[in-house]
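Below is one structure; the comments refer to it alone.
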Amino acid sequence: MVKGKKWVLKRHFSGAPKLDDFDLVEEEMPELKDGEFMYRSLYISVDPYQRPYTDRIPVPCTMIGSSVAVIEKSKNPEYPEGTEIVVYGGWVQRAVVNPNNLTASLGPPWKYPKVPGLTPSMMLGVCGMPGATAYFGFLDICEPKAGETVVVSGAAGAVGSLVGQIAKIKGCKVIGFAGTDDKVSWLKEIGYDYAYNYKKISVDEALKESASSGVDCYFDNVGGNMSAAVLRAMNKRGRVSVCGSICNYNDAKRDCADLLPLLVFKELKVEGFLVGRWIDQFSQAVATMAQWVMEKKMIVRETVVEGFENTPQAFFGLFDGSNTGKMIVKV
């Protein structure tokens with residue numbers, strides 16, 4: 001009998017995620033029924049959204065997430081053995097699923113194209129959900145115009161690093177904030193016009209230097225005081241795309257500035273989003289991002305953690321700044 005492992009979330013997180021919040025469970029794989037297939041994960045994605053999103057899910061549950069996987073056995077003619085897929089089945093080493101019964105908001109498993117220059121792990125990053133998040137969240141909400149000034153918080157992360165490069169492709173001046181000097185150096189390497197370590201310089205001071213004429217677009221991954229400072233520097237009718245608020249995810253008590261008067265008098269557009277709203281257009285983002293990678297217009301960096309048993313540690317690293325670019329687990 002074939003066995004597999006999965007990470008189970010035992011309880012909702014309280015404060016920062018801890019190893020004790022999870023159980024590593026080994027289970028025997030059931031015999032396949034018609035329409036089912038068994039897959040083995042090759043790479044697993046860990047992402048900041050998994051921290052707040054699990055609050056709405058009954059526990060215990062298989063920890064949510066996506067993976068690049070290979071189909072080992074199949075009784076589904078649409079998914080033959082040997083097919084490599086992206087599947088939203090959670091933190092699992094091996095599982096049996098019926099794709100018609102998966103209820104993931106980002107759709108059923110999809111067979112990704114094998115293109116020279118693109119690695120399987122990129123299907124969890126630049127050509128996956130983070131890439132679509134950067135593509136649609138920035139272009140559709142911020143509607144950038146050539147010559148405008150764009151600020152990105154969490155700029156060295158999986159999404160932020162892509163947003164900054166899209167902004168450069170569109171002819172914008174791009175300013176990024178990250179948490180280490182090494183990340184700042186990397187941002188400059190991939191084309192950011194200005195990059196700052198927010199632990200060494202205030203956002204207000206940085207923007208006086210780099211955005212003396214104001215900020216037109218802000219892609220927000222962080223929230224909190226950093227975002228309040230950026231909004232104060234926005235130009236009239238600036239656009240803000242709110243992708244995340246990672247600085248608040250682990251805090252029970254959150255400090256919130258009253259920004260409503262600022263939004264009114266600057267006539268700012270501020271819009272939060274979940275990338276699933278563009279699910280029917282994902283192929284457009286994947287194709288465009290892949291083309292930019294192959295044309296060397298988009299530089300991708302991954303932080304790879306080896307071993308399925310280390311998946312929680314990779315997840316924890318998202319909240320202490322361990323990753324540059326996309327954090328993935330090589331199973």
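The residues of the chain are indexed from 1 along the displayed sequence.
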### Task
Return the minimal non-hydrogen interatomic distance between N221 and V152, and the atom names on each side.
ND2-CG1, 4.2 Å
### Close side-chain approach of Q313 to L19, heavy-atom, < 4.5 Å
yes
### Message
Please give me the minimum heavy-atom distance between G317 and N323, naming the atom from each residue.
### Response
O-OD1, 3.9 Å
### Query
Between the main-chain N or O of E78 and the side-chain N or O of K111, is there a donor-acceptor pair closer than 3.5 Å?
yes
### Message
Main chain of S322, side chain of D320: is a donor-acceptor contact present, judged purely on distance under 3.5 Å?
### Response
yes
### Query
So R94 and E72, side chain to side chain contact (heavy atoms under 4.5 Å, CB included) or not? Walk me through it.
CA-CA 9 Å; R94 179 179 279 114; E72 294 185 312; 2.7 Å; yes
### Task
Treating Ile, Leu, Val, Met, Phe, Trp and Tyr as nodes and any side-chain heavy-atom pair under 4.5 angstrom as an edge, say whether F136 and I279 lie in one connected cluster.
yes
### Task
Determine the minimum heavy-atom distance between A233 and K266, stating which atoms define it.
C-NZ, 4.4 Å
### Query
When rounded to the nearest 0.5 angstrom, what is the spacing between NZ in K18 and NZ in K10?
10.0 Å
### Task
Indicate yes or no for a side-chain donor-acceptor contact from T303 to the backbone of T324 under 3.5 Å, with no hydrogens or angles considered.
yes
#### Entry: E84 and K114, any side-chain heavy atoms less than 4.5 Å apart
yes
### Task
Check the surroundings of atom CD in Q284: do more than 12 heavy atoms from other residues, nucleotides or ligands lie under 6.0 Å from it?
yes
### V46 reachable from V8 in the ILVMFWY side-chain graph, under 4.5 Å edges
no
### Query
Is there a path of hydrophobic side-chain contacts, each under 4.5 Å between heavy atoms of I, L, V, M, F, W or Y residues, that connects V264 with V240?
no
### Task
Determine the minimum heavy-atom distance between V222 and S153, stating which atoms define it.
N-OG, 3.4 Å
### Residue that, paired with F177, satisfies ring pair (Phe, Tyr, Trp, His ring centres under 6.0 Å) out of F219, Y218, Y196, Y198
Y196
### Residue pair L231 / L263, side-chain heavy-atom distance below 4.5 Å
yes
### Message
Does the plane of the ring in F315 sit parallel, tilted or perpendicular to the ring in F13? Use 30° and 60° as the thresholds.
### Response
tilted
### Task
Verify the distance criterion only: is there a donor paired with an acceptor across the side chains of T83 and Y39 at less than 3.5 Å?
no
### Query
Below 4.5 Å, heavy atoms only, C-beta onward: do V304 and S121 meet side chain to side chain?
no
### Message
I'd like to check I166 versus M289 (side-chain heavy atoms, cut-off strictly below 4.5 Å). Are they in contact?
### Response
yes
### For R232, the option from V215, D204, L207 that meets side chain to side chain contact (heavy atoms under 4.5 Å, CB included)
D204
### Task
Go through the steps to decide whether R11 and D20 satisfy the test side chain to side chain contact (heavy atoms under 4.5 Å, CB included), and finish with yes or no.
CA-CA 9 Å; R11 63 180 72 90; D20 189 53; 3.3 Å; yes
### Salt bridge R301-E189, side-chain N to carboxylate O under 4.0 Å
no
### Side chains of P120 and L42 in contact at under 4.5 Å (non-hydrogen atoms)
no
### Task
Answer with yes or no whether the side chains of T180 and D182 bring together a donor and an acceptor at under 3.5 Å.
no
### Query
Just wondering, are more than 12 heavy atoms of other shown residues or ligands nearer than 6.0 Å to CD1 in I201?
yes
### Task
Give a yes or no answer on whether the side chain of R239 reaches the backbone of E143 with a donor-acceptor pair at less than 3.5 Å.
yes
### Query
Please walk me through it: do L139 and K170 pass side chain to side chain contact (heavy atoms under 4.5 Å, CB included)?
CA-CA 9 Å; L139 294 179; K170 296 300 179 180; 4.0 Å; yes
### Message
Does atom NZ (K168) have a neighbourhood of more than 12 heavy atoms from anything else shown, all under 6.0 Å?
### Response
yes
### Query
With a 4.5 Å heavy-atom cut-off, do I85 and F37 have their side chains touching?
yes
### Query
Thinking salt bridges, do D216 and R237 make one under a 4.0 Å N-O criterion?
no
### Task
Indicate the atoms forming the closest heavy-atom contact of A178 with L187, along with that distance.
CB-CD1, 4.1 Å
### Message
Whether the side chain of K173 engages the backbone of Y194 through a donor-acceptor N/O pair (distance < 3.5 Å, no angle test) should be reported.
### Response
no
### Query
Would a distance-only check, ignoring hydrogens and angles, find a side-chain to backbone donor-acceptor pair under 3.5 Å from D193 to V174?
yes
### Query
Do the two ring centres, one from Y135 and one from W278, sit under 6.0 Å apart?
no
### Task
Specify whether W7 and F22 have parallel, tilted or perpendicular ring planes, treating 30° as the upper limit for parallel and 60° as the lower limit for perpendicular.
perpendicular
### Message
Taking V25 as the starting point, is it possible to reach V2 by hopping between hydrophobic residues whose side chains are less than 4.5 Å apart?
### Response
no
Can you give each donor-acceptor pair under 3.5 Å made by side-chain atoms of residues 61-71, sequence neighbours left out, with the distance rounded to 0.1 Å?
{"from": "S67", "atom 1": "OG", "to": "S41", "atom 2": "OG", "distance (Å)": "3.1"}

### Task
Could you verify whether a donor N or O on one side chain and an acceptor N or O on the other, from K326 and S161, lie under 3.5 Å apart?
no
### Query
In terms of heavy-atom contacts, does NZ of K5 have more than 12 from other residues, nucleotides or ligands at under 6.0 Å?
no
### Task
Could you grab the distance from atom CE of M234 to atom SG of C217, nearest 0.5 Å is fine?
6.5 Å
### Task
Count the heavy atoms of every other residue, nucleotide or ligand shown that sit under 6.0 Å from NZ of K208, and state whether that count exceeds 12.
no
### Message
Distance check, rounded to the nearest 0.5 Å: L124 atom CG versus I44 atom CD1?
### Response
9.0 Å
### Message
Before you tell me yes or no, could you show the steps for W292 and Q165 under side chain to side chain contact (heavy atoms under 4.5 Å, CB included), namely the whole-Å CA-CA distance, both residues' side-chain angles and the distance that decides it to 0.1 Å?
### Response
CA-CA 10 Å; W292 284 338; Q165 293 181 81; over 6 Å; no
### Message
Strictly distance-based, threshold 3.5 Å: is any side-chain N or O of H12 a donor or acceptor partner for the main-chain N or O of R56?
### Response
no
### Message
Rounded at 0.5 Å granularity, tell me how far CH2 in W186 sits from CG in D181.
### Response
15.5 Å
### Query
Are any non-hydrogen side-chain atoms of L9 and W91 less than 4.5 angstrom apart?
no
### Task
Ignoring hydrogens and angles, tell me if any N or O in the side chain of T54 forms a donor-acceptor pair with the backbone of R51 under 3.5 Å.
yes
### Task
Output yes when a side-chain donor or acceptor of S241 lies under 3.5 Å from a complementary backbone atom of C142, and no otherwise.
no
### Query
Could you state the interatomic distance from CD1 (I328) to CD (E306), rounded to the nearest 0.5 Å?
9.5 Å
### Straight-line distance of K3 NZ to E27 CD, nearest 0.5 Å
11.0 Å
### Query
Hey, quick one: are I169 and M122 part of the same hydrophobic cluster, counting side-chain heavy atoms closer than 4.5 Å, chains of contacts allowed?
yes
### Query
What's the shortest heavy-atom distance between G214 and N235, and which atoms?
CA-OD1, 3.2 Å
